[in-house]
Every structure is written in C-alpha cells, then in structure tokens.
Amino acid sequence: MTENAARGKFALIGAGPMGLAAAKTLIEQGIDFQGFEIHDDVGGLWDIDGPRSTMYETAHLISSKRMTEFADFPMDEDVADYPSHRELKIYFRRFADHFKLREHFLFRTEVLSVTPLGGNGEGWRVVSRNAEGQEQQAEFAGVLIANGTLSEPNMPAFKGSFSGELMHSSRYRDPKVFAGKRVLIIGAGNSGCDIAVDAIHHGLSCDISMRRGYYFVPKYIFGRPADTLGGAIKLPMWLKRRVDGMILKWFAGDPSKYGFPKPDYALYEAHPVVNSLILFHAGHGDVKVRPDIDRFEGNTVHFKDGSQADYDLILAATGYKLHYPFIDKALLNWQGDAPHLFLNCMHPERDDLFVLGMVEASGLGWQGRHEQAEMVARYIAGISKGMMAAKALKAEKAAGFKRATGSMNYIDLPRMAYYVDKVTYRTAVTSWIAALKDGAK
C-alpha cells in the first residue's frame with residue numbers, strides 16, 4: 001500500500017470480536033476502511049494459535065452464550081451454555097463469513113506505528129509490516145484501535161528469587177505442565193481459579209495465594225446459567241446487592257469457611273469470580289488458600305502471615321495491562337492506568353481517533369461492545385455529513401466527562417480503570433445511537 005493510497009479511509013486495527021463488530025458497523029454506515037490483523041484469520045485471543053493469544057486449552061466463557069453473543073448473530077442451539085474457546089473461534093469465523101468481513105482485512109500484518117499528520121481531521125500515517133517482513137505505510141482519514149485488552153501480561157515484581165519455574169498465566173496453555181509438581185497459583189480472579197482447578201487435577205498439590213477476597217458466583221442457579229436470571233424489573237443497586245447477596249449465600253455458602261478472605265468491598269465493586277468448582281475443591285481440601293506473598297527463597301515461598309511452603313511451579317494469574325505499543329500514550333489522553341475517553345472510546349478533542357473494546361462491565365457481553373462500535377460508526381458518518389446529533393455528541397465529549405460508573409465505587413486497581421456500570425453505559429450509548437439514527441433520516 002503506497003503513501004496517500006488510502007487517504008480517504010479509516011484504519012481499523014484488530015480482527016478479534018471488537019474489530020469484527022467495528023468492521024460490520026463501518027460497512028453498514030458506508031465508511032471506507034482498511035483492517036489490519038497480525039494473525040492469519042479472525043478471532044483475536046479466542047484463537048489459541050494466534051501470536052498474541054493468551055488462551056489456554058481448558059478455557060470457557062464465564063458468561064453464558066445468550067448473555068454474550070451478538071444480538072443479530074446468535075450462537076447455535078447445540079453450542080454449550082458456556083462455550084469453549086474452540087467453539088468461539090468457529091463462531092467468530094462464521095460471523096466474519098456471514099457479514100463478508102475478511103475481504104476488508106490485511107492478515108499477517110502487524111501495525112508498527114500510528115502517528116498524526118497534524119491536528120484533528122488532518123489524517124494519520126500508519127506503518128505496518130507484512131508476513132514477508134516488508135514495511136509499508138499509508139495515510140488514513142482516521143484510526144480505530146481494536147487490538148484487545150488481554151494480551152500484555154501484568155507481572156508483579158517479587159522480593160527474592162524462585163528456583164523453580166515461574167510463569168505468567170499468559171504463557172499457560174495445557175494442564176500437563178503441572179504434572180508431578182507442587183503448584184502455587186498467585187491471584188484468584190476468574191483465570192486464576194480456572195487454572196487452579198486444572199492444577200488440582202494434574203499436579204501433586206495446589207495452593208492459591210490471594211491478596212484480597214472475592215465474591216463467588218456459581219455458573220448455574222436453579223438449573224439455569226446464573227447470568228440469565230435477572231428479571232425485567234430493574235432494582236436499585238442497594239436492593240440488588242441485598243437480593244443477589246442472599247442468593248449467593250444460598251448457592252455458594254460462605255467462602256471464608258474454606259479459608260478464603262472476606263472481600264473488603266461491596267458486591268459488584270469488582271468483577272465476581274464465576275466458578276462452580278473452586279469452592280467445591282476447597283471444601284474437599286484439594287486446594288489450600290494462602291495469603292499474599294512476602295518473598296521467594298529458593299523453592300520456598302514466604303507468605304505475609306509468616307507461613308511458608310515449597311513449590312516446583314508458580315503461576316501468576318495477575319491479569320493484563322492495556323497495551324497500545326504503536327501509538328504515543330499522550331495521543332490517547334492517557335490518565336492513570338487507562339486512556340480517558342468519552343464512553344471509553346471517543347477522544348475528547350479528535351474526531352479521527354477511537355479506541356474500541358476498552359470497556360468492561362459485568363454482563364456487558366459482545367452486544368454491548370457492538371453498540372459501542374455502532375455509536376462510533378454512526379458518529380463518524382454523522383460528522384462527515386454535518387448532522388446536528390453528531391455535533392451535539394462532539395460538544396458533549398469536548399466539554400469534559402466522567403467514566404460511566406453510575407453510583408458504583410469500583411476498587412482502585414489497574415484492571416478496574418476502564419470498568420463501567422452496564423446499565424449506565426448501555427443507556428448512554430443506545431441513547432446516542434437513537435439520536436444519530438434520527439438525525440440520519
């Protein structure tokens with residue numbers, strides 16, 4: 001692709017779930033674009049063979065298929081309630097086939113740099129490298145970044161040194177790695193608890209180190225996926241916490257009975273752990289809960305309560321950092337642990353730079369992210385046509401804003417820096433979609 005060849009197009013980076021949703025909505029709004037994807041096909045991290053995938057063989061959705069799927073492309077009835085990564089790879093490839101998205105992407109092409117040619121509306125230069133190692137550059141009218149949020153490992157520093165194997169969960173693929181080993185899992189989020197269950201079944205022993213407590217949600221309640229039980233009546237958060245907390249006590253009991261620390265925050269102020277097995281195994285003595293780590297010394301791990309134990313393998317399930325290595329952080333209005341963007345996607349000053357998929361909320365699903373993509377696509381089309389609704393959105397995002405957290409006081413962690421309240425967020429996004437639709441009539 002030569003300089004100036006794509007000057008009227010937008011560049012779309014990534015062909016995972018968010019990139020596919022963006023591609024679909026851009027096509028629907030008649031916006032010309034060129035997609036870039038480092039892998040040889042669509043699916044993002046859900047394709048375990050992808051170069052940036054952090055998937056593991058036993059991984060499944062933690063939300064049910066009906067609460068996660070795209071509304072206009074439901075998963076087949078014979079797909080499991082909680083699909084595996086294999087089923088999801090097929091789903092995204094079928095999605096791309098159905099909406100004819102592949103032809104819009106350059107595969108096996110890595111974006112190396114994204115730089116502005118000037119101020120808002122003056123375009124961007126994108127430098128990429130193809131499978132043959134050749135670098136190419138082109139100018140674009142704007143850039144949409146959709147390369148995901150779960151590829152750059154957040155590996156904490158530990159005091160001392162460990163003589164055994166120390167790995168981040170991003171490198172974990174197969175539970176066979178635990179065979180014959182004493183295992184310590186650091187971190188009890190959803191991945192940490194899933195991988196701990198693998199280690200219980202394949203290792204000699206398994207302990208799990210936790211810095212804080214979590215709320216545990218079983219995958220099934222009354223024989224149905226737990227996330228499908230929300231009623232049509234929307235409860236105020238104080239009442240929802242009381243009702244849902246009572247249900248969790250019925251079905252999950254008191255995790256502190258098994259040694260898990262009590263959460264120091266209210267329900268829904270962090271993502272709950274959706275796992276039906278970790279408490280089962282804790283109750284059977286198959287996993288021992290340990291406190292936070294003080295230091296390593298050879299094969300010995302010293303914990304902050306003064307206890308210690310020996311291990312052969314330590315796996316840090318300590319999450320991921322936002323990672324957009326091809327663009328300067330200042331260009332993304334980065335504040336603290338994340339870019340500060342209107343509704344988590346729109347730059348306050350520029351109408352030619354968007355970050356898609358940098359949003360998390362309990363129950364948001366891919367449909368909530370599809371709505372984000374649709375809002376952005378309609379905004380781009382509206383701005384180009386001088387629509388009043390698009391001008392109103394432009395003014396609102398330029399006037400200053402807060403993250404759409406509703407009344408939630410999320411815990412202060414990097415992974416919560418782009419967390420939103422689902423109802424507050426979707427209400428705002430769908431309201432703007434409706435306004436932009438009306439303005440297009």
Side-chain angles (χ1 to χ4, degrees), residues 61-69 71 81-82 188-190 193 210-258 260-280 282-283 338 342-344 359-372 375 401-413 415-434:
L61 274 181
I62 60 169
S63 55
S64 67
K65 65 180 181 181
R66 295 296 175 232
M67 299 300 290
T68 311
E69 65 195 3
D81 288 336
Y82 294 94
N190 281 287
C193 288
M210 301 176 62
R211 179 175 293 180
R212 61 172 44 82
Y214 289 84
Y215 293 94
F216 292 88
V217 178
K219 286 198 166 182
Y220 288 91
I221 292 177
F222 300 123
R224 293 174 52 189
D227 59 359
T228 66
L229 294 178
I233 300 174
K234 302 302 181 184
L235 301 176
M237 183 52 67
W238 68 268
L239 183 55
K240 178 176 173 58
R241 280 186 176 133
R242 185 172 297 179
V243 172
D244 290 356
M246 182 172 58
I247 292 173
L248 290 186
K249 285 184 179 180
W250 288 345
F251 285 90
D254 181 3
S256 66
K257 287 171 44 179
Y258 312 122
F260 291 94
K262 287 184 178 293
D264 56 0
Y265 53 90
L267 183 60
Y268 300 123
E269 288 182 351
H271 204 298
V273 174
V274 185
N275 191 302
S276 299
L277 295 176
I278 191 69
L279 297 182
F280 171 88
F342 183 71
L343 292 174
N344 286 45
V359 59
E360 189 61 68
S362 296
L364 187 65
W366 290 315
Q367 182 57 28
R369 292 165 173 84
H370 183 284
E371 291 164 359
Q372 183 195 70
M375 177 186 66
F401 52 88
K402 293 183 179 180
R403 189 156 42 105
T405 58
S407 59
M408 299 298 290
N409 182 30
Y410 294 117
I411 60 176
D412 185 18
L413 289 174
R415 65 182 173 85
M416 303 300 296
Y418 50 97
Y419 221 87
V420 299
D421 172 61
K422 180 183 74 171
V423 174
T424 304
Y425 186 81
R426 292 189 72 175
T427 298
V429 170
T430 55
S431 294
W432 280 115
I433 290 173

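Just one residue in the list Lys422, Arg403, Arg415, Arg369 forms a salt bridge (Lys or Arg N to Asp or Glu O under 4.0 Å) with Glu360, and that residue is Arg369.
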(message) The test is side-chain hydrogen bond (donor to acceptor under 3.5 Å, both in side chains); show your working for Ser362 and Tyr419 and say whether it passes.
(response) CA-CA 9 Å; Ser362 296; Tyr419 221 87; 3.1 Å; yes
(message) Applying side-chain contact (heavy atoms from CB on, under 4.5 Å) to Val217 and Phe251, what does each step give before you reach the verdict?
(response) CA-CA 8 Å; Val217 178; Phe251 285 90; over 6 Å; no
(request) Check the pair Leu343, Phe401 against side-chain contact (heavy atoms from CB on, under 4.5 Å), reporting the backbone distance first and the verdict last. (result) CA-CA 9 Å; Leu343 292 174; Phe401 52 88; over 6 Å; no
(request) Show your working on side-chain contact (heavy atoms from CB on, under 4.5 Å) between His271 and Ile62 and close with a plain yes or no. (result) CA-CA 11 Å; His271 204 298; Ile62 60 169; 3.8 Å; yes
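Shown here for Val273 and Ala188, the closest heavy-atom pair between the two residues is CG2-O, 3.2 Å. Summarising the geometry of Thr228 relative to Ser64, their closest heavy-atom pair is CG2-OG, 3.6 Å, with the distance given to 0.1 Å. Residues Val429 and Gln372 share a closest heavy-atom pair of CG1-N, 4.0 Å. Taking each heavy atom of Gly368 and Arg426 in turn, the nearest pair found is CA-NE, 4.1 Å. For Tyr410 against Val420, the heavy-atom pair with the smallest separation is OH-O, 3.0 Å. Taking each heavy atom of Tyr214 and Tyr265 in turn, the nearest pair found is CA-OH, 3.5 Å.
Looking at Gln367 and Glu69, their side chains never come closer than 4.5 Å, going by heavy atoms from C-beta outward. Side-chain contact between Pro218 and Leu248 is present, with at least one heavy-atom pair separated by less than 4.5 Å. In this structure, the side chains of Tyr82 and Lys65 stay at 4.5 Å or more apart for every pair of heavy atoms. Between Phe342 and Trp432 the shortest side-chain heavy-atom distance falls below 4.5 Å. Counting heavy atoms from C-beta on, the side chains of Pro261 and Arg212 never come closer than 4.5 Å. When side chains are defined from C-beta on, Arg66 does not count as touching Asp227, because their heavy atoms never get closer than 4.5 Å. Taking 4.5 Å as the limit, some side-chain heavy atom of Cys193 sits within range of a side-chain heavy atom of Phe216.
For the residue pair Thr68/Ser63, the side-chain donor-acceptor check at 3.5 Å is satisfied. Tyr220 and Asp81 form a side-chain donor-acceptor contact under 3.5 Å, judged by distance and modelled atom types alone. In this model, no donor atom of one side chain and acceptor atom of the other lie less than 3.5 Å apart for Tyr215 and Asp244.
Classification of Lys262 and Asp254 as a salt-bridged pair holds, one side-chain N sitting under 4.0 Å from a carboxylate O.
Checked by atom type and distance alone, the side chain of Thr427 never pairs as donor or acceptor with a backbone atom of Thr424 at under 3.5 Å. No side-chain donor-acceptor contact under 3.5 Å links Asp412 to the backbone of Ala417. Proximity of a side-chain donor or acceptor of Asn344 to a complementary backbone N or O of Tyr418 within less than 3.5 Å is detected.
With a 6.0 Å radius and a threshold of 12 heavy atoms from other residues, nucleotides or ligands, Arg242 has its CZ atom at or below the threshold. Dense packing is recorded around CG of Asp264, with more than 12 heavy atoms of other residues, nucleotides or ligands lying under 6.0 Å away. More than 12 heavy atoms of other residues, nucleotides or ligands shown are found within 6.0 angstrom of CZ on Arg241.
Here the OG atom belonging to Ser407 is positioned 6.5 Å from the CG atom belonging to Asp421, to the nearest 0.5 angstrom. His370 NE2 to Leu364 CG: the interatomic distance, rounded to the nearest 0.5 Å, is 13.0 Å.
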